[in-house]
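In what follows, a structure is listed as structure tokens, so that the remarks can point back to it.
Just so it is clear, the structure is predicted and the values come from calculations on it, not from any experiment.
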Amino acid sequence: MIKEIVEFSRELESAGIYERVTEENKKIDKPIMVIPVDEELTQILTDDIYFVFKAVENEFCILDESNGKEKRVEVKQPENSKIKIKAIQEESVQWREILKSIPIITRKLKGDEKGGKSIGSNKGTNSYHILIFEGKFKDGGISNKKGKKVFKGDLFNCDFGFFQKLSDTYRKENIIKGIPTSSERGTLISLLEQVALEDNRTQIWRQIELFKNCFVSSNLQNKVQTASFDSLRIIIMLPQKYYPDYSAWYSDYIKKKIFVVEKESDYFNGECPICKASNKKLFLPNSFNNMDEGKPFLKHLHRYRNINIAICKDCALSIYKFQEYFLVRLHMTIFPLFTVKELRVNALTLFQNQQRIKKQSFKRIIDEIYRKTSIDTLDFILMLYKDDILFFDYITGFQYKFNDINLFEIEKKFNEIFFDSYLLENYFTSKVDTKERNRDRMIYRYRKQLFDFFYRAKYRGIDKAFLRDMYFEVLKIEIGQLVSGAKSYNKLVSNHKKYLELNTIFKGEMMETIKAIKDKKRIEDLESFAFYAGQISYYLLSQSKAEQKKHSLIEPFVNVVNFRILGKQIENLFNTYKHSIDFGSHRFNAMMSGFWAFLYDHNDEEFTNDLKILFYAGYFDRENNIFFERRSNDGGK
């Protein structure tokens, strides 16, 4: 499985999918302080510091917001202010792309939101990029070596806190962690050490104070309002030839942190089982491992160092990108990872052909594979990613069609008949809440078995007997809802027709049985007796003169256990409505005669669920009720 993930991740990257996905995350969502550097890399130019926004219009600076909208911040520059504010469009194309990419090239690893693996003392505040420092206006805090808070408050409202944080970040040992090996590494280290020098810290702080003063409004009767943003990004602007390093250094640092532990003493050298590269440091990737130190009974007794899969950092980075840039960013809850490259390429085409990269449903992907290959039996790794919970399973023998019917059309019928179209959105919800208790219970009870059938190729889990019992359970609920008006009679009729179609798909003979009964038009066995008992009940209730027909009166039939009690129920209906039936209704008279005659010989016969469904099939078949069919010799009676 790991091999297929790495291969598909690299296929996604080569196709430009990751780049297009991350393109949508490029934004100027926070003010950016730019500190230029001279061409010789000898000093930072604090006198040339400036601030960048998405746009500057009149007295407003504009930032992006996460919901796609824009945030406007009023500018009130003091007189004689030396602060420089620029719009992103004033920058060169290359530098503009770097500034917009800051949210991407400073992103922490999944599961590391607190910054536990950040560069040096950047924990909780900074990014994974030594050239980019993020300071917060709120919730700042500085601790001494013993962990005791010596400063707590807004980081940029306290020069002590800011100075200490900046100094800690740009100590030599932390700079070394963030800069990869290069011919100019020593020069770059010396340059970045200047950021923490007292004079430079002071110059940077002065610029920040001037910047903050630009965003104070006194329009509300001298009540001071501070800026609506809560943090500021500071970026060191290297000469243009170093621009590619901004992304490269981020990737390099991520690869240092991509294993589940950072101690290199725990790694071991060898050949990567995925890419076959030799003499590599190998260990567990951050994603897609099942090592659990708390459950030793799950471990393989002879597994080397209790590791289930050890791979190199390049392959681990590919796995991370697949999880972060594909599953997470695109909200891919259910995804089939095909083991055959040709099928993966077909799936990949779906994403390439989109104008804007977005989620593709499991069904859409399977449909595309079938459309291009006509293969209706597939093998793949099924991935479920929901609320950071990852599940994967190897699926073999997945059928695009079940008994010649599209599997997802069958799922749609299940969803409509049994769950009022709530099932699909509640396959994985921890708490089902459809506002109807019985429906919630149905989803809890059946969703795993149905998911296994439709997505995990466990086709023995559902048969006509399972279908019958499931339908009768929901039928009892819905007939009960007729009383309260929560369910309409027409909805029950529609669901019953769909159930009969499902019954046929699962090799049931219900529709054939009903057709044979209707062709003979007489009671001669248990099945025809149950069906025409339903037709008789509907005909009797139809005689009611009330504006609203009391379909809820058929609710008691659900709990009838034998034909004797069934006969009593119909006798009650007959006594209630017999005055409305024409004495010359020959067809009704003949059917009632046959009904009582058959009942006499079968009083103690069990009224099974199969027979009850036939009863309701007769009741719901109002359009073809035998007593409303026109016949010449009784004038339609």
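- The minimum heavy-atom distance between P273 and A310, with the atom names listed, is CD-O, 3.2 Å.
- Partner of R344 under the salt bridge (Lys or Arg N to Asp or Glu O under 4.0 Å) criterion, chosen from E368, E4, E11: E11.
- Side-chain contact check for N426 versus F419: every heavy-atom pair is 4.5 Å or farther apart.
- What you find for I105 and Y250 is that their closest heavy atoms are O-CD1, 2.8 Å.
- Partner D314 forms a salt bridge (Lys or Arg N to Asp or Glu O under 4.0 Å) with one of K281, K276, K255, K321 and no other, that one being K255.
- Contact detail for Q449 and G461: the closest heavy-atom pair is NE2-O, 2.6 Å.
- Open room surrounds CD on E342; 12 or fewer heavy atoms of other groups in view lie less than 6.0 Å from it.
- In this structure, CD in Q89 is found 9.5 Å from NZ in K54, a value given to the nearest 0.5 Å.
- Summarising the geometry of P336 relative to I366, their closest heavy-atom pair is CG-CD1, 4.2 Å, with the distance given to 0.1 Å.
- In this structure, CZ in F338 is found 4.5 Å from CD1 in I369, a value given to the nearest 0.5 Å.
- For NZ of K372, the number of neighbouring non-hydrogen atoms (other residues, nucleotides, ligands) closer than 6.0 Å is greater than 12.
- No donor-acceptor pair closer than 3.5 Å links the side chain of N269 to the backbone N or O of N279.
- Ring orientation note: the planes of F322 and F326 are close to parallel, at an angle under 30° on the 30°/60° scale.
- Rounding to the nearest 0.5 Å places CG of L192 at 13.0 Å from CZ of F133.
- The backbone N or O of K413 sits nowhere less than 3.5 Å from a side-chain atom of E416 that would complete a donor-acceptor pair.
- A heavy-atom distance below 4.5 Å is found between the side chains of I176 and R185.
- Side-chain contact check for R10 versus V6: some heavy-atom pair is nearer than 4.5 Å.
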Exercise for the section: I would like to know whether K359 and T333 meet side-chain contact (heavy atoms from CB on, under 4.5 Å); could you show each step before the answer? Expected result: CA-CA 9 Å; K359 173 182 179 179; T333 308; 3.7 Å; yes
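- Salt bridge absent: K313 and D252 never bring a charged side-chain N and a carboxylate O closer than 4.0 Å.
- Judged by distance alone, the side chains of E97 and Y246 never bring a donor and an acceptor atom under 3.5 Å apart.
- Counting non-hydrogen atoms of other residues, nucleotides and ligands closer than 6.0 Å to NZ of K280 gives a total of 12 or fewer.
- Salt bridge status for E91 with K86: present, with a side-chain N to carboxylate O gap under 4.0 Å.
- At a cut-off of 3.5 Å, with distance as the only test, no side-chain donor of S9 or Y320 sits close to an acceptor on the other residue.
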Handout entry: ring-ring contact (aromatic ring centres under 6.0 Å, His included) between F453 and F414, intermediate numbers included
Key = CA-CA 12 Å; F453 181 88; F414 268 90; 7.1 Å; no
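- Two residues are said to be in side-chain contact when any heavy atoms from C-beta on lie closer than 4.5 Å; Y242 and L131 fail this criterion.
- Rounding to the nearest 0.5 Å places CD of Q240 at 9.0 Å from CD of E39.
- When each of F380, F362, F335 is checked for a ring-ring contact (aromatic ring centres under 6.0 Å, His included) with Y455, only F362 meets the rule.
- Shortest non-hydrogen contact noted between L232 and P31 is CD1-O, 3.4 Å.
- Within the 4.5 Å cutoff, the side chain of I462 has heavy atoms near those of the L450 side chain.
- Using a 4.5 Å heavy-atom cutoff, the side chains of Y50 and M237 are in contact.
- Side chain of R439 to main chain of T434: a donor-acceptor pair is present (N/O by atom type, distance under 3.5 Å, no hydrogens or angles).
- Applying the ring-ring contact (aromatic ring centres under 6.0 Å, His included) test between F466 and each of Y446, Y459, F418 identifies Y446 as the sole match.
- Side-chain contact check for M442 versus Y422: every heavy-atom pair is 4.5 Å or farther apart.
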Problem - side-chain contact (heavy atoms from CB on, under 4.5 Å) between D379 and V340, worked out - result: CA-CA 8 Å; D379 298 337; V340 178; over 6 Å; no
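- In K412, the NZ atom is not crowded: 12 or fewer heavy atoms of neighbouring residues, nucleotides or ligands sit closer than 6.0 Å.
- With a 4.5 Å cut-off on side-chain heavy atoms, D29 and R233 count as touching.
- Under the 4.0 Å criterion applied to side-chain N and carboxylate O atoms, E23 and K26 are assigned as salt-bridge partners.
- Once rounded to the nearest 0.5 Å, the distance linking CZ of F259 with CG of L282 reads 6.5 Å.
- In this pair, F408 and F398 present their aromatic rings tilted. The plane angle is within the 30 to 60° band.
- Atom CD1 of I254 and atom OH of Y128 lie 5.5 Å apart (nearest 0.5 Å).
- Salt bridge D452/K448: present, at least one basic N to carboxylate O contact under 4.0 Å.
- Ionic pairing of K401 and D376 is not present here: no N-O contact between side-chain nitrogen and carboxylate oxygen is shorter than 4.0 angstrom.
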Exercise for the section: Mind running side-chain hydrogen bond (donor to acceptor under 3.5 Å, both in side chains) on E13 and Y325 for me, showing each step along the way? Expected result: CA-CA 10 Å; E13 190 159 23; Y325 298 147; over 6 Å; no
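- One side chain, R329 or N25, offers a donor N or O that lies under 3.5 Å from an acceptor on the other.
- When the options I35, I32, V52, T106 are evaluated for a side-chain contact (heavy atoms from CB on, under 4.5 Å) with I235, the one that passes is I32.
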